[in-house]
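Here the structure is a predicted model, which is why all the values come from computation and not from measurement. Throughout, numbering of the chain's residues begins at 1 and tracks the sequence. First listed ligand is number 1; within each ligand, the first listed atom is number 1.
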Amino acid sequence: MYLRCSDERCATKLELHQRALACPRCGNLLEVAAGPLMFSPEVLKELWWNRRCSRDPRDRSGVWRFREFLPDYPPRDIVTMGEGNVPLVPGIKSADWAGLSNIRFKHLGWNPTACFKDLGMTVGVTEARFQGAQTVACASTGNTAGSMAAYAARAGMTARVYLPAGAVSPNKVAQALDYGAEIVEVEGSFDEALATVLREAGPEIYFLNSINPFRLEGQKTVMFELQEELGWHSPDYIVVPGGNLGNTAAFGKALYELKSAGLIDKVPRMVVVQAEGANPLVRTWREGSDELLAVKEPRTAATAIRIGAPVSWKKALKALRFTNGLAIDVTDDEIAEAKSVIGRDGIGCEPASATTLAGARKLAREGTIARDASVVAILTGHVLKDTDYITRSRYTAAVRASAEVQAD
Ligand SMILES: *Cc1c(COP(=O)(O)O)cnc(C)c1O
Ligand SMILES: [Zn+2]
(Lines give C-alpha, C1' and ligand atoms only; values in the text may rest on other atoms or scores of the structure.)
(Ligands and ions follow the chains in the order given, each with its own letter.)
Protein backbone atom coordinates (compact mmCIF):
# COMPACT_ATOMS: atom_id res chain seq x y z
CA MET A 1 0.00 0.00 0.00
CA TYR A 2 1.06 3.60 -0.53
CA LEU A 3 -0.28 7.16 -0.34
CA ARG A 4 -1.53 8.76 -3.50
CA CYS A 5 -2.77 12.21 -4.47
CA SER A 6 -6.58 12.09 -4.60
CA ASP A 7 -6.54 14.06 -7.86
CA GLU A 8 -6.18 11.46 -10.65
CA ARG A 9 -4.61 13.97 -13.02
CA CYS A 10 -1.73 14.46 -10.57
CA ALA A 11 -1.36 10.87 -9.34
CA THR A 12 1.70 11.63 -7.20
CA LYS A 13 2.68 8.63 -5.08
CA LEU A 14 4.23 8.73 -1.60
CA GLU A 15 5.31 6.12 0.90
CA LEU A 16 2.54 4.97 3.22
CA HIS A 17 3.77 5.82 6.72
CA GLN A 18 4.52 9.53 6.71
CA ARG A 19 3.10 12.78 8.05
CA ALA A 20 2.23 14.60 4.79
CA LEU A 21 -1.40 15.76 4.85
CA ALA A 22 -1.56 17.09 1.32
CA CYS A 23 0.05 16.31 -2.01
CA PRO A 24 3.46 18.03 -2.10
CA ARG A 25 2.99 18.75 -5.81
CA CYS A 26 -0.59 20.08 -6.11
CA GLY A 27 -1.90 20.49 -2.54
CA ASN A 28 -4.89 18.18 -2.90
CA LEU A 29 -5.69 15.67 -0.16
CA LEU A 30 -3.98 12.29 -0.07
CA GLU A 31 -5.60 8.88 0.01
CA VAL A 32 -4.44 5.38 0.81
CA ALA A 33 -4.06 3.24 -2.30
CA ALA A 34 -3.94 -0.52 -2.33
CA GLY A 35 -1.88 -2.85 -4.47
CA PRO A 36 -3.54 -5.73 -6.36
CA LEU A 37 -5.90 -7.87 -4.29
CA MET A 38 -4.79 -11.46 -3.64
CA PHE A 39 -8.20 -13.04 -2.99
CA SER A 40 -11.36 -13.76 -4.93
CA PRO A 41 -14.64 -12.20 -3.74
CA GLU A 42 -15.94 -15.59 -2.58
CA VAL A 43 -12.84 -16.27 -0.48
CA LEU A 44 -13.01 -12.82 1.12
CA LYS A 45 -16.70 -13.09 1.98
CA GLU A 46 -16.16 -16.42 3.68
CA LEU A 47 -13.02 -15.27 5.50
CA TRP A 48 -14.80 -12.18 6.90
CA TRP A 49 -17.89 -14.12 7.90
CA ASN A 50 -15.87 -16.77 9.74
CA ARG A 51 -13.93 -14.13 11.66
CA ARG A 52 -17.15 -13.34 13.51
CA CYS A 53 -16.55 -16.54 15.51
CA SER A 54 -12.90 -15.75 16.29
CA ARG A 55 -11.42 -14.52 19.60
CA ASP A 56 -8.69 -12.41 17.97
CA PRO A 57 -9.39 -8.76 18.95
CA ARG A 58 -8.88 -7.72 15.32
CA ASP A 59 -11.56 -10.16 14.19
CA ARG A 60 -13.97 -8.87 16.83
CA SER A 61 -13.64 -5.35 15.49
CA GLY A 62 -16.03 -4.36 12.72
CA VAL A 63 -13.16 -2.39 11.22
CA TRP A 64 -10.15 -4.74 11.41
CA ARG A 65 -12.21 -7.74 10.37
CA PHE A 66 -11.94 -6.27 6.87
CA ARG A 67 -8.18 -5.70 7.11
CA GLU A 68 -7.45 -7.02 3.60
CA PHE A 69 -8.55 -3.52 2.55
CA LEU A 70 -6.63 -1.67 5.30
CA PRO A 71 -2.99 -0.81 5.93
CA ASP A 72 -1.12 -3.67 7.55
CA TYR A 73 0.14 -3.40 11.17
CA PRO A 74 1.66 -5.83 13.64
CA PRO A 75 -1.31 -7.12 15.70
CA ARG A 76 0.08 -5.73 18.99
CA ASP A 77 0.17 -2.17 17.53
CA ILE A 78 -3.53 -2.13 16.78
CA VAL A 79 -5.59 0.12 19.10
CA THR A 80 -9.08 -1.34 19.08
CA MET A 81 -12.12 -1.35 21.34
CA GLY A 82 -14.27 -3.67 19.26
CA GLU A 83 -15.72 -0.77 17.29
CA GLY A 84 -18.18 -1.34 14.46
CA ASN A 85 -20.57 -4.32 14.54
CA VAL A 86 -23.56 -2.01 14.87
CA PRO A 87 -26.99 -3.25 13.84
CA LEU A 88 -29.17 -2.25 10.94
CA VAL A 89 -32.55 -1.35 12.42
CA PRO A 90 -35.73 -0.98 10.34
CA GLY A 91 -37.59 2.28 10.74
CA ILE A 92 -41.32 1.86 11.43
CA LYS A 93 -42.81 5.25 12.32
CA SER A 94 -39.89 6.72 10.40
CA ALA A 95 -40.89 4.84 7.24
CA ASP A 96 -44.48 6.09 7.51
CA TRP A 97 -43.36 9.63 8.14
CA ALA A 98 -40.99 9.59 5.16
CA GLY A 99 -43.50 7.89 2.85
CA LEU A 100 -41.18 4.94 2.26
CA SER A 101 -41.80 1.23 2.71
CA ASN A 102 -38.23 0.17 3.39
CA ILE A 103 -35.92 2.43 5.35
CA ARG A 104 -33.29 1.00 7.68
CA PHE A 105 -30.92 2.79 10.03
CA LYS A 106 -27.28 1.82 10.33
CA HIS A 107 -26.63 3.29 13.76
CA LEU A 108 -22.98 4.27 14.05
CA GLY A 109 -23.86 6.08 17.28
CA TRP A 110 -23.77 2.66 18.91
CA ASN A 111 -19.98 2.63 18.90
CA PRO A 112 -17.61 2.86 21.94
CA THR A 113 -17.75 6.66 22.23
CA ALA A 114 -21.23 6.89 20.72
CA CYS A 115 -20.42 8.15 17.24
CA PHE A 116 -18.89 6.93 13.99
CA LYS A 117 -15.59 8.73 14.54
CA ASP A 118 -14.36 5.63 16.42
CA LEU A 119 -14.25 3.70 13.16
CA GLY A 120 -11.69 6.13 11.81
CA MET A 121 -9.82 6.69 15.07
CA THR A 122 -8.98 3.01 15.55
CA VAL A 123 -6.94 3.23 12.34
CA GLY A 124 -5.74 6.83 12.79
CA VAL A 125 -4.46 6.27 16.33
CA THR A 126 -2.92 2.93 15.34
CA GLU A 127 -1.00 4.74 12.60
CA ALA A 128 0.02 7.49 15.06
CA ARG A 129 1.37 4.89 17.47
CA PHE A 130 3.08 3.01 14.64
CA GLN A 131 4.85 6.27 13.72
CA GLY A 132 5.90 6.76 17.35
CA ALA A 133 3.78 9.89 18.00
CA GLN A 134 3.35 11.00 21.64
CA THR A 135 0.67 13.62 21.06
CA VAL A 136 -2.33 13.66 18.73
CA ALA A 137 -4.43 16.72 17.92
CA CYS A 138 -7.63 17.65 16.12
CA ALA A 139 -10.17 20.42 15.68
CA SER A 140 -13.66 19.23 16.42
CA THR A 141 -17.34 20.04 16.78
CA GLY A 142 -17.15 17.61 19.73
CA ASN A 143 -17.36 14.05 18.52
CA THR A 144 -13.94 13.80 16.92
CA ALA A 145 -12.52 15.16 20.18
CA GLY A 146 -14.20 12.51 22.32
CA SER A 147 -13.27 9.69 20.02
CA MET A 148 -9.66 10.76 19.54
CA ALA A 149 -9.25 11.30 23.29
CA ALA A 150 -10.55 7.80 24.05
CA TYR A 151 -8.33 6.02 21.54
CA ALA A 152 -5.32 8.16 22.49
CA ALA A 153 -5.90 7.20 26.14
CA ARG A 154 -5.92 3.52 25.15
CA ALA A 155 -2.65 4.05 23.30
CA GLY A 156 -1.04 6.01 26.17
CA MET A 157 -0.82 9.23 24.16
CA THR A 158 -1.71 12.84 24.92
CA ALA A 159 -4.80 14.17 23.13
CA ARG A 160 -5.15 17.90 22.40
CA VAL A 161 -8.46 19.09 21.03
CA TYR A 162 -9.40 22.47 19.54
CA LEU A 163 -13.06 23.32 19.99
CA PRO A 164 -15.08 26.30 18.70
CA ALA A 165 -15.97 28.19 21.91
CA GLY A 166 -19.62 27.88 22.91
CA ALA A 167 -20.56 25.76 19.89
CA VAL A 168 -20.05 22.27 21.26
CA SER A 169 -22.61 20.22 23.17
CA PRO A 170 -21.63 20.05 26.89
CA ASN A 171 -22.04 16.27 26.80
CA LYS A 172 -19.25 16.06 24.23
CA VAL A 173 -16.93 18.36 26.16
CA ALA A 174 -17.58 16.24 29.27
CA GLN A 175 -16.69 13.11 27.37
CA ALA A 176 -13.39 14.51 26.08
CA LEU A 177 -12.53 15.66 29.63
CA ASP A 178 -13.29 12.24 31.03
CA TYR A 179 -10.86 10.60 28.60
CA GLY A 180 -8.23 13.12 29.71
CA ALA A 181 -8.00 15.43 26.69
CA GLU A 182 -6.30 18.85 26.81
CA ILE A 183 -8.88 21.34 25.59
CA VAL A 184 -8.13 24.51 23.65
CA GLU A 185 -11.09 26.81 22.96
CA VAL A 186 -10.98 28.81 19.74
CA GLU A 187 -13.11 31.89 19.01
CA GLY A 188 -15.13 31.36 15.85
CA SER A 189 -16.53 28.29 14.10
CA PHE A 190 -15.13 24.84 13.47
CA ASP A 191 -13.41 26.18 10.36
CA GLU A 192 -11.37 28.61 12.50
CA ALA A 193 -10.56 25.82 14.97
CA LEU A 194 -9.26 23.71 12.11
CA ALA A 195 -7.13 26.57 10.77
CA THR A 196 -5.71 27.06 14.28
CA VAL A 197 -4.71 23.46 14.81
CA LEU A 198 -3.13 23.30 11.34
CA ARG A 199 -1.12 26.43 12.15
CA GLU A 200 -0.06 25.27 15.60
CA ALA A 201 0.53 21.57 15.08
CA GLY A 202 4.30 21.10 14.97
CA PRO A 203 6.30 18.08 13.87
CA GLU A 204 5.93 16.41 17.28
CA ILE A 205 2.15 16.30 16.90
CA TYR A 206 0.21 13.78 14.86
CA PHE A 207 -2.82 15.37 13.26
CA LEU A 208 -6.12 13.49 13.29
CA ASN A 209 -8.78 15.50 11.50
CA SER A 210 -10.50 13.80 8.58
CA ILE A 211 -7.84 15.28 6.28
CA ASN A 212 -5.95 12.29 7.67
CA PRO A 213 -6.26 9.53 5.06
CA PHE A 214 -5.90 6.73 7.61
CA ARG A 215 -9.06 7.78 9.40
CA LEU A 216 -11.04 7.54 6.21
CA GLU A 217 -9.78 3.98 5.71
CA GLY A 218 -11.41 2.97 8.98
CA GLN A 219 -14.65 4.80 8.18
CA LYS A 220 -14.68 3.02 4.83
CA THR A 221 -15.46 -0.30 6.51
CA VAL A 222 -19.02 0.86 7.30
CA MET A 223 -19.86 0.00 3.70
CA PHE A 224 -18.22 -3.43 4.00
CA GLU A 225 -20.14 -4.27 7.17
CA LEU A 226 -23.38 -2.95 5.68
CA GLN A 227 -23.02 -4.92 2.45
CA GLU A 228 -22.23 -8.07 4.39
CA GLU A 229 -25.38 -7.61 6.48
CA LEU A 230 -27.40 -7.22 3.30
CA GLY A 231 -25.96 -10.41 1.81
CA TRP A 232 -23.87 -8.31 -0.59
CA HIS A 233 -26.99 -6.92 -2.26
CA SER A 234 -26.72 -3.14 -2.40
CA PRO A 235 -29.68 -1.03 -1.31
CA ASP A 236 -30.96 1.53 -3.81
CA TYR A 237 -29.92 4.51 -1.70
CA ILE A 238 -27.50 5.26 1.10
CA VAL A 239 -28.28 8.53 2.86
CA VAL A 240 -25.56 10.22 4.90
CA PRO A 241 -25.26 13.57 6.74
CA GLY A 242 -22.64 15.91 5.31
CA GLY A 243 -20.37 17.98 7.56
CA ASN A 244 -16.68 17.92 6.79
CA LEU A 245 -17.57 15.20 4.25
CA GLY A 246 -15.14 12.59 5.53
CA ASN A 247 -17.84 9.92 5.58
CA THR A 248 -19.07 10.81 2.13
CA ALA A 249 -15.51 10.53 0.81
CA ALA A 250 -14.82 7.29 2.70
CA PHE A 251 -18.07 5.63 1.64
CA GLY A 252 -17.54 6.60 -1.99
CA LYS A 253 -14.04 5.11 -1.89
CA ALA A 254 -15.40 1.95 -0.25
CA LEU A 255 -18.10 1.48 -2.87
CA TYR A 256 -15.54 1.97 -5.62
CA GLU A 257 -13.25 -0.65 -4.07
CA LEU A 258 -16.10 -3.09 -3.41
CA LYS A 259 -17.26 -2.80 -7.01
CA SER A 260 -13.75 -3.09 -8.44
CA ALA A 261 -13.06 -6.21 -6.37
CA GLY A 262 -16.29 -7.82 -7.58
CA LEU A 263 -17.76 -7.91 -4.06
CA ILE A 264 -20.91 -6.05 -5.16
CA ASP A 265 -22.67 -5.84 -8.54
CA LYS A 266 -24.63 -2.68 -8.07
CA VAL A 267 -23.45 0.64 -6.67
CA PRO A 268 -26.10 2.32 -4.48
CA ARG A 269 -26.85 5.99 -5.06
CA MET A 270 -25.41 8.10 -2.27
CA VAL A 271 -27.48 10.99 -0.96
CA VAL A 272 -25.62 13.59 1.11
CA VAL A 273 -27.84 15.74 3.31
CA GLN A 274 -26.71 19.05 4.79
CA ALA A 275 -28.46 21.60 6.96
CA GLU A 276 -29.76 24.55 4.95
CA GLY A 277 -27.62 27.03 6.90
CA ALA A 278 -24.43 24.99 6.42
CA ASN A 279 -24.76 23.64 2.90
CA PRO A 280 -21.51 24.27 0.98
CA LEU A 281 -21.55 20.93 -0.83
CA VAL A 282 -25.18 21.39 -1.91
CA ARG A 283 -24.37 24.83 -3.35
CA THR A 284 -21.28 23.55 -5.11
CA TRP A 285 -23.09 20.49 -6.48
CA ARG A 286 -26.12 22.49 -7.60
CA GLU A 287 -24.01 25.04 -9.46
CA GLY A 288 -21.68 22.41 -10.90
CA SER A 289 -18.84 24.60 -9.63
CA ASP A 290 -15.16 23.62 -9.74
CA GLU A 291 -14.50 25.82 -6.72
CA LEU A 292 -15.98 25.19 -3.30
CA LEU A 293 -18.87 27.58 -2.66
CA ALA A 294 -18.12 27.89 1.05
CA VAL A 295 -20.57 29.25 3.63
CA LYS A 296 -18.94 32.07 5.62
CA GLU A 297 -21.06 31.87 8.74
CA PRO A 298 -22.51 28.37 8.91
CA ARG A 299 -25.69 28.17 10.99
CA THR A 300 -27.62 25.15 12.25
CA ALA A 301 -28.64 23.68 15.59
CA ALA A 302 -27.10 20.42 14.38
CA THR A 303 -23.65 21.42 15.66
CA ALA A 304 -21.86 18.31 14.37
CA ILE A 305 -22.41 19.53 10.81
CA ARG A 306 -22.03 23.28 11.34
CA ILE A 307 -19.15 23.51 8.86
CA GLY A 308 -18.80 26.10 6.12
CA ALA A 309 -15.70 24.92 4.28
CA PRO A 310 -15.53 21.11 4.36
CA VAL A 311 -12.02 19.81 3.70
CA SER A 312 -13.08 16.68 1.82
CA TRP A 313 -15.35 18.45 -0.67
CA LYS A 314 -13.45 17.31 -3.75
CA LYS A 315 -13.42 13.71 -2.62
CA ALA A 316 -17.14 14.06 -1.87
CA LEU A 317 -17.89 15.31 -5.38
CA LYS A 318 -15.97 12.34 -6.75
CA ALA A 319 -18.12 10.03 -4.58
CA LEU A 320 -21.32 11.69 -5.82
CA ARG A 321 -20.24 11.30 -9.43
CA PHE A 322 -19.21 7.66 -8.98
CA THR A 323 -22.47 6.68 -7.25
CA ASN A 324 -24.73 8.85 -9.42
CA GLY A 325 -25.60 10.52 -6.14
CA LEU A 326 -27.38 13.64 -4.92
CA ALA A 327 -26.68 16.47 -2.48
CA ILE A 328 -29.68 18.13 -0.82
CA ASP A 329 -30.37 20.30 2.20
CA VAL A 330 -33.09 20.40 4.85
CA THR A 331 -34.19 23.05 7.35
CA ASP A 332 -33.52 22.92 11.09
CA ASP A 333 -37.26 22.44 11.66
CA GLU A 334 -37.27 19.41 9.38
CA ILE A 335 -34.24 18.05 11.25
CA ALA A 336 -35.98 18.51 14.60
CA GLU A 337 -39.12 16.77 13.42
CA ALA A 338 -37.19 13.87 11.85
CA LYS A 339 -35.17 13.50 15.03
CA SER A 340 -38.28 13.15 17.16
CA VAL A 341 -39.72 10.53 14.78
CA ILE A 342 -36.49 8.48 15.00
CA GLY A 343 -36.82 8.77 18.77
CA ARG A 344 -40.37 7.44 18.61
CA ASP A 345 -39.02 4.39 16.80
CA GLY A 346 -37.06 3.65 19.99
CA ILE A 347 -33.79 4.39 18.21
CA GLY A 348 -32.82 7.99 18.87
CA CYS A 349 -29.90 9.94 17.43
CA GLU A 350 -28.27 13.33 17.58
CA PRO A 351 -29.59 16.17 15.41
CA ALA A 352 -27.00 15.87 12.62
CA SER A 353 -27.98 12.23 12.09
CA ALA A 354 -31.65 13.12 11.65
CA THR A 355 -30.85 15.03 8.45
CA THR A 356 -30.92 11.59 6.79
CA LEU A 357 -34.57 10.89 7.51
CA ALA A 358 -35.55 14.48 6.74
CA GLY A 359 -33.68 14.23 3.43
CA ALA A 360 -35.19 10.85 2.54
CA ARG A 361 -38.67 12.27 3.15
CA LYS A 362 -37.96 15.28 1.00
CA LEU A 363 -36.81 13.08 -1.89
CA ALA A 364 -39.73 10.67 -1.48
CA ARG A 365 -42.17 13.59 -1.56
CA GLU A 366 -40.75 14.99 -4.75
CA GLY A 367 -40.83 11.50 -6.30
CA THR A 368 -37.05 11.18 -6.67
CA ILE A 369 -36.99 8.16 -4.34
CA ALA A 370 -39.75 5.63 -5.15
CA ARG A 371 -41.93 4.52 -2.25
CA ASP A 372 -40.73 0.92 -2.45
CA ALA A 373 -37.02 1.72 -2.90
CA SER A 374 -34.63 0.26 -0.34
CA VAL A 375 -33.02 3.05 1.65
CA VAL A 376 -30.30 2.84 4.29
CA ALA A 377 -29.86 5.94 6.44
CA ILE A 378 -26.58 6.34 8.29
CA LEU A 379 -27.10 7.59 11.85
CA THR A 380 -23.85 9.12 12.95
CA GLY A 381 -24.28 9.93 16.66
CA HIS A 382 -26.09 8.69 19.77
CA VAL A 383 -29.15 10.41 21.25
CA LEU A 384 -27.22 11.19 24.48
CA LYS A 385 -24.58 13.20 22.60
CA ASP A 386 -26.65 16.37 22.64
CA THR A 387 -29.27 16.24 25.36
CA ASP A 388 -29.46 20.05 25.61
CA TYR A 389 -30.94 20.10 22.14
CA ILE A 390 -33.75 17.80 23.26
CA THR A 391 -34.54 19.46 26.55
CA ARG A 392 -34.42 22.90 24.95
CA SER A 393 -36.78 22.12 22.12
CA ARG A 394 -39.01 19.26 23.09
CA TYR A 395 -39.09 19.14 26.86
CA THR A 396 -40.32 22.72 26.99
CA ALA A 397 -42.99 21.89 24.42
CA ALA A 398 -44.02 18.77 26.36
CA VAL A 399 -44.23 20.63 29.66
CA ARG A 400 -46.25 23.38 28.05
CA ALA A 401 -48.63 20.82 26.51
CA SER A 402 -49.21 19.04 29.82
CA ALA A 403 -49.70 22.38 31.63
CA GLU A 404 -52.35 23.25 29.07
CA VAL A 405 -54.10 19.91 29.65
CA GLN A 406 -54.10 20.51 33.42
CA ALA A 407 -55.44 24.03 33.00
CA ASP A 408 -58.40 22.75 30.93
C1 LIG B 1 -18.61 14.31 12.47
C2 LIG B 1 -20.07 14.11 12.42
C3 LIG B 1 -20.81 14.31 11.25
C4 LIG B 1 -20.18 14.83 10.00
O5 LIG B 1 -19.46 13.83 9.34
P6 LIG B 1 -18.46 14.22 8.16
O7 LIG B 1 -17.75 12.96 7.85
O8 LIG B 1 -17.57 15.28 8.67
O9 LIG B 1 -19.31 14.72 7.03
C10 LIG B 1 -22.15 14.05 11.25
N11 LIG B 1 -22.77 13.62 12.36
C12 LIG B 1 -22.11 13.43 13.51
C13 LIG B 1 -22.86 12.97 14.71
C14 LIG B 1 -20.75 13.66 13.59
O15 LIG B 1 -20.11 13.48 14.72
ZN1 LIG C 1 -1.26 16.07 -6.38
Can you check whether Y206 reaches N212 side chain to side chain, under 4.5 Å on heavy atoms? yes
Between D118 and S147, do the side chains contain an N or O donor and an N or O acceptor separated by less than 3.5 Å? yes
Tell me the nearest of I305, N209, T113 to atom 10 (C) of ligand 1, using heavy-atom distances. I305
Over 60° means perpendicular and under 30° means parallel, so tell me whether F66 and F224 are parallel, tilted or perpendicular. tilted
Is it the case that T284 and E287 place a side-chain donor and acceptor less than 3.5 Å from each other? no
Out of R60, R58, R52, which one pairs with D56 under the salt bridge (Lys or Arg N to Asp or Glu O under 4.0 Å) rule? R58
Only one of I369, L320, L363 forms a side-chain contact (heavy atoms from CB on, under 4.5 Å) with L326, so which one is it? L363
Among all protein heavy atoms, pick out the one at the shortest distance from atom 8 (O) of ligand 1; state its residue, atom name and that distance to 0.1 Å. N244 N, 2.8 Å
Element-labelled atoms of ligand 1 that are located less than 4.0 Å from some non-hydrogen atom of G381: 13 (C)
Check side-chain contact (heavy atoms from CB on, under 4.5 Å) between R25 and all other residues, then give those that pass, not counting sequence neighbours. C10, T12, C23
A student checking ligand 1 against E350 at a 4.0 Å heavy-atom cut-off should list atoms 13 (C)
Is the closest side-chain donor-acceptor distance between E350 and S353 under 3.5 Å? no
Neighbour count >12 (heavy atoms, 6.0 Å) for atom CD, E204: yes
Closer than 2.8 Å to the Zn ion (ligand 2) - protein N, O or S atoms, ordered by chain and residue number: C5 SG, C10 SG, C23 SG, C26 SG
Will you find, in the side chains of E31 and S6, an N or O donor that is under 3.5 Å from an N or O acceptor? no
Ligand-side contact atoms (ligand 1) for residue partner A352, heavy atom cut-off under 4.0 Å: 11 (N)
Atom indices of ligand 1 within 4.0 angstrom of G242 heavy atoms, with elements: 9 (O)
For T248, is the nearest heavy atom under 4.0 Å from an atom of ligand 1? no
With a 4.0 Å cut-off on heavy atoms, is S210 touching ligand 1? no
Specify the protein heavy atom at minimum distance from atom 5 (O) of ligand 1: its residue, its atom name, and the distance to 0.1 Å. F116 CZ, 3.5 Å
Just by distance, no angles: are the side chains of K117 and Q219 close enough, under 3.5 Å, to form a donor-acceptor pair? no
Verify the distance criterion only: is there a donor paired with an acceptor across the side chains of T122 and W64 at less than 3.5 Å? yes
Can you find a side-chain donor-acceptor pair between E127 and Y73 that sits under 3.5 Å? yes
So the atoms of ligand 1 within less than 4.0 Å of a heavy atom of K117 turn out to be 1 (C), 2 (C), 3 (C), 14 (C), 15 (O)
Shortest protein contact, atom 12 (C) of ligand 1 (heavy atom only): T380 OG1, 3.3 Å
Show me which atoms of ligand 1 lie under 4.0 Å from any heavy atom of G246. 6 (P), 7 (O), 8 (O), 9 (O)
Mind checking whether G243 has an N or O less than 3.5 Å away from an N or O of ligand 1? yes
Among protein heavy atoms, which lies nearest atom 7 (O) of ligand 1, and at what distance? N247 N, 2.8 Å
